[in-house]
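Notes follow the structure.
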Amino acid sequence: QVQLVESGGGLVQAGSSLRLSCLASSGTILYSIMGWFRQVPGKEREFVASISWTGGSTDYSDSPKGRFTISRDNARNTVWLQMNNLKPEDTAVYFCAASSARVLPRKRESYNYWGQGTQVTVSS
């Protein structure tokens, strides 16, 4: 069992940066693919980024590509999402998730454990 806790969200202006953190407060993220998703009210939770357990492979959805960077430190049981040049359309609740899949998945159903989410609001 892995418990994930996100932090780092907040209210920022367009063009600003934020770094989200995801800490495994129990269990370990070692050998797990880690992902970030986001969700706005009334819409499906959408894939943002994922990273292999070694950190050697990453995947990004089209929207944040080039602006967001996912990284991890297994020794610290932590995954980060660095978000630069934020846009109002990035406003959402951001969720961290862990997957036991063998390849980087984008489907929500492929992730086994989820955090509670952290709110990111970008004003124009």
Side-chain angles (χ1 to χ4, degrees):
Q1 189 81 4
V2 179
Q3 291 189 331
L4 303 173
V5 180
E6 302 96 334
S7 61
L11 170 63
V12 296
Q13 291 187 329
S16 300
S17 298
L18 277 176
R19 187 172 82 155
L20 305 183
S21 299
C22 173
L23 171 68
S25 61
S26 68
T28 177
I29 65 170
L30 188 62
Y31 304 126
S32 292
I33 288 172
M34 299 300 296
W36 285 96
F37 286 70
R38 65 188 182 186
Q39 188 170 22
V40 298
K43 291 191 175 182
E44 292 288 320
R45 192 170 297 186
E46 67 169 354
F47 169 79
V48 174
S50 63
I51 187 168
S52 63
W53 76 269
T54 65
S57 296
T58 57
D59 184 29
Y60 297 91
S61 63
D62 289 340
S63 177
K65 191 175 291 185
R67 299 186 296 119
F68 292 6
T69 303
I70 188 171
S71 61
R72 67 189 292 164
D73 184 336
N74 292 332
R76 297 170 65 180
N77 250 352
T78 303
V79 179
W80 296 277
L81 184 68
Q82 176 67 44
M83 305 186 296
N84 298 328
N85 190 23
L86 283 161
K87 303 177 180 181
E89 51 263 42
D90 294 318
T91 295
V93 177
Y94 283 72
F95 297 89
C96 172
S99 172
S100 58
R102 292 182 176 269
V103 294
L104 298 178
R106 291 190 172 197
K107 292 184 178 180
R108 177 180 178 177
E109 295 73 22
S110 298
Y111 289 80
N112 312 101
Y113 301 102
W114 293 84
Q116 83 291 345
T118 184
Q119 176 71 47
V120 172
T121 304
V122 184
S123 64
S124 58

Examine Val79 and Leu104 and state if one hydrophobic cluster contains both, with Ile, Leu, Val, Met, Phe, Trp and Tyr joined whenever side-chain heavy atoms are less than 4.5 Å apart. no
If you round to the nearest 0.5 Å, how far is CG of Leu18 from OG1 of Thr118? 8.5 Å
Student check: side-chain heavy atoms of Leu20 and Glu6 closer than 4.5 Å: no
Just how far is it from atom OG1 of Thr58 to atom CE of Met34, taken to the nearest 0.5 Å? 14.5 Å
Between the OG atom in Ser52 and the CD1 atom in Ile70, the distance rounded to the nearest 0.5 Å is 9.5 Å
List the residues meeting side-chain contact (heavy atoms from CB on, under 4.5 Å) with Ser25, not counting sequence neighbours, and say none if there are none. Gln3, Val5
Does Ser7 reach the side chain of Leu23, with side-chain heavy atoms less than 4.5 Å apart? no
Heavy-atom closest pair (Ser124 atom, Ala14 atom, distance to 0.1 Å) is CA-CB, 4.4 Å
Using the test side-chain contact (heavy atoms from CB on, under 4.5 Å), find all partners of Val93 that sit at least two apart in sequence or belong to another chain. Phe95, Gln119
Could I get the full list of side-chain contact (heavy atoms from CB on, under 4.5 Å) partners for Val2, not counting sequence neighbours? Leu4, Ala24, Tyr113
A side-chain contact here means heavy atoms from C-beta on lying under 4.5 Å apart; do Thr91 and Val40 qualify? no
ring-ring contact (aromatic ring centres under 6.0 Å, His included) filter on Trp80, not counting sequence neighbours, yields none
Correct closest heavy-atom pair for Gly9 and Val120 would be CA-CG2, 4.1 Å
Quick one: which residue pairs count as a disulfide bond (SG atoms under 2.5 Å apart) with a foot in residues 26-57, not counting sequence neighbours? none
Which pairs with one or both residues in residues 96-118 pass salt bridge (Lys or Arg N to Asp or Glu O under 4.0 Å), sequence neighbours excluded? Asp59-Arg106
Derivation of the side-chain contact (heavy atoms from CB on, under 4.5 Å) call for Phe68 and Leu86: CA-CA 9 Å; Phe68 292 6; Leu86 283 161; 3.9 Å; yes
Looking at every heavy atom in both Ser99 and Ser110, which two are closest together, and how far apart are they? OG-O, 2.7 Å
For Phe37, enumerate each residue passing the ring-ring contact (aromatic ring centres under 6.0 Å, His included) test, keeping only those at least two apart in sequence or located in another chain. Phe47, Tyr111, Trp114
With sequence neighbours excluded, give me every ring-ring contact (aromatic ring centres under 6.0 Å, His included) pair touching residues 2-36. Tyr31-Trp53
Which residues share a side-chain contact (heavy atoms from CB on, under 4.5 Å) with Gln82, sequence neighbours left out: Ser17, Arg19, Thr69, Asn84
Would you compute the distance between atom CZ of Arg72 and atom CG of Leu30 and round it to the nearest 0.5 angstrom? 7.5 Å
Any residue meeting side-chain hydrogen bond (donor to acceptor under 3.5 Å, both in side chains) with Arg76, in chain and number order, not counting sequence neighbours: none
Sequence neighbours excluded, every pair satisfying salt bridge (Lys or Arg N to Asp or Glu O under 4.0 Å) that has a member inside residues 83-99: Arg38-Asp90, Arg67-Asp90
Tell me, which pairs form a disulfide bond (SG atoms under 2.5 Å apart) where one or both residues lie in residues 3-110, sequence neighbours left out? Cys22-Cys96
Quick check: is Tyr60 connected to Ile33 through a chain of hydrophobic side chains (ILVMFWY, heavy atoms under 4.5 Å apart)? no
Point-to-point distance, once rounded to the nearest 0.5 Å, from CG of Asn77 to OG of Ser32: 9.5 Å
